[in-house]
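Since the structure comes first, as structure tokens, the remarks are kept for the end.
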Amino acid sequence: MSDYKAIFIEKGSGGWGKGLQIEPKGKKVKVVSITGGGIHPVAEKIAELSGTEVVDGFKNSVPESEIMCVIIDCGGTARIGVYPMKRIPTVDVLPSSPSGPLSKYITEDIFVSGVTPKQIKLAVSSTGAERSDEEKGLDENKVERPFKIKNENRNESKQQKKDSFLMRFSRGIGKIIGIFYQAGRDSVDMLIKNIIPFMAFVCMLIGIINYTGIGTLIAKVLTPLAGSFWGLLVIVFVCTLPILSPVLGPGAVIAQVIGVLVGTEIAAGNIAVTFALPALFAIDGQVGCDFVPVGLSLGEAEPDTIRYGVPAVLYSRLLTGLLAVVIAYFASFGMY
């Protein structure tokens with residue numbers, strides 16, 4: 001235990017958070033890298049400075065009780081909030097901010113983003129006197145808090161007996177309105193942070209393609225693949241290779257860019273419209289492959305289930321991706 005050291009992780013360029021101070025404690029002495037393509041340099045640097053062990057989360061499963069921190073490369077989907085929801089310190093190598101359905105769990109005391117090896121350094125240790133004062137404060141809170149809760153519950157129960165039916169009914173209506181109001185705020189926030197920026201990106205990309213004439217050049221490159229059945233099989237085979245699919249999955253960048261290009265060329269008549277449906281399945285074959293270990297962890301799967309489940313899902317996507325393109329190709333006959 002004497003070899004373990006606390007570290008401080010600052011946010012990187014364009015990142016989010018105030019920084020995390022992480023210290024190995026008890027069994028929590030493992031740094032888990034869930035970035036795809038092996039162990040990330042950030043995870044290696046954290047393990048090197050802290051004297052802990054680094055583990056590839058795609059190849060090995062680690063009990064949550066042994067995880068000191070998790071390294072991810074999520075651009076802002078469900079995975080970004082899974083580990084903060086479990087109160088596991090999360091380090092995102094991408095400059096992401098709280099977003100997605102679990103964004104409320106992403107707080108500055110548990111999450112930092114935009115991190116590179118340069119942002120990782122040894123933490124300044126506190127003195128023994130300061131630690132003892134903090135421990136005393138925590139102990140005092142633990143002693144006083146239960147009594148406060150009990151007194152508050154007792155006062156609330158007495159007040160409820162005194163309140164009339166009309167008062168309780170009005171409070172219930174106010175609570176329901178508050179829930180719907182918060183849901184509206186969350187919806188608008190997700191629209192501003194996720195949907196509108198992507199729409200602007202797509203419009204800009206289409207505008208550049210149409211204005212510069214680069215669309216014709218791209219069409220000549222993509223037509224042999226996206227414009228033929230065998231080419232689509234090649235695309236989905238490459239995208240769903242187990243060694244590539246976890247790397248291509250984060251942020252769905254490949255699917256977004258190729259989807260915009262193929263859609264634009266179909267609209268321009270350079271690619272037959274009959275290839276629209278199979279092309280959709282071809283470029284999306286890798287989607288979700290980076291989320292496999294996180295999804296299993298979110299479902300509270302056993303360590304052995306995660307160990308064997310991740311490669312099983314990756315290899316199954318290779319087979320089902322090819323099958324999906326074949327089915328979509330024949331299903332598109334007579335559709336247009």
Side-chain angles (χ1 to χ4, degrees), residues 1-98 100 102 105-126 131 246-247 249-251 290-294 296-298 303 306-307 310:
M1 188 65 183
S2 58
D3 295 336
Y4 296 150
K5 298 179 181 179
I7 60 171
F8 184 79
I9 305 174
E10 300 176 342
K11 70 175 181 178
S13 177
W16 185 89
K18 293 183 178 180
L20 291 180
Q21 180 163 330
I22 304 175
E23 182 178 359
K25 294 181 180 179
K27 295 182 179 180
K28 297 185 176 182
V29 292
K30 292 184 179 180
V31 179
V32 181
S33 177
I34 307 181
T35 54
I39 297 176
H40 197 276
V42 170
E44 294 180 348
K45 185 66 176 295
I46 293 175
E48 178 184 355
L49 293 182
S50 62
T52 55
E53 178 183 358
V54 61
V55 180
D56 188 346
F58 276 96
K59 297 181 180 179
N60 305 278
S61 61
V62 181
E64 295 178 9
S65 59
E66 299 179 9
I67 298 178
M68 183 182 74
C69 65
V70 172
I71 315 302
I72 64 173
D73 59 347
C74 183
T77 53
R79 181 170 48 145
I80 195 174
V82 170
Y83 293 102
M85 181 183 65
K86 298 182 178 183
R87 301 303 298 169
I88 297 176
T90 304
V91 180
D92 196 341
V93 298
L94 299 180
S96 306
S97 59
L102 301 178
Y105 299 104
I106 304 173
T107 55
E108 293 179 337
D109 63 325
I110 205 72
F111 180 86
V112 66
S113 66
V115 178
T116 65
K118 297 180 180 180
Q119 277 76 50
I120 305 168
K121 57 185 179 180
L122 291 174
V124 179
S125 60
S126 302
R131 290 181 179 178
V247 181
D290 61 315
F291 189 75
V292 175
V294 182
L296 292 174
S297 177
L298 184 62
I306 298 176
R307 182 181 298 111
V310 172

Exercise: identify the closest heavy-atom pair between [X] and [Y]:
X    : Y    : result
F111 : P84  : CD1-CG, 4.2 Å
V54  : A43  : CG2-CB, 3.7 Å
M68  : I46  : CE-CG2, 4.0 Å
S61  : R307 : OG-NH2, 3.6 Å
I67  : V32  : CG1-CG2, 3.9 Å
P89  : I22  : CB-CD1, 4.0 Å

State whether [X] and [Y] are salt-bridged, where the test is any N-O pair (Lys NZ or Arg NE/NH1/NH2 against Asp/Glu carboxylate O) under 4.0 Å.
X   : Y    : answer
E10 : K121 : yes
K86 : E64  : yes
D92 : K11  : no

I106/I80 under side chain to side chain contact (heavy atoms under 4.5 Å, CB included): CA gap, chis, key distance, verdict: CA-CA 8 Å; I106 304 173; I80 195 174; 3.7 Å; yes
Contact check, side chains of [X] and [Y], non-hydrogen atoms, under 4.5 Å:
X    : Y    : result
L20  : F8   : no
V55  : V31  : no
Y83  : I34  : yes
D109 : R87  : yes
I71  : V93  : yes
L49  : I120 : yes
F58  : P246 : yes

Please check if the side chain of [X] supplies one atom and the backbone of [Y] the other of a donor-acceptor pair under 3.5 Å.
X    : Y    : result
T116 : G114 : no
S113 : S96  : yes
S33  : I39  : no
S50  : A6   : no

Gap separating the [atom1] atom of [X] from the [atom2] atom of [Y], nearest 0.5 angstrom:
X    : Y   : atom1 : atom2 : value
I72  : H40 : CD1   : NE2   : 11.5 Å
C69  : I88 : SG    : CD1   : 10.0 Å
K45  : I9  : NZ    : CD1   : 10.5 Å
T107 : M85 : OG1   : CE    : 13.0 Å

Member of K27, K30, K25 meeting the salt bridge (Lys or Arg N to Asp or Glu O under 4.0 Å) criterion with E66: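 Between E66 and the candidates, salt bridge (Lys or Arg N to Asp or Glu O under 4.0 Å) is satisfied uniquely by K30.
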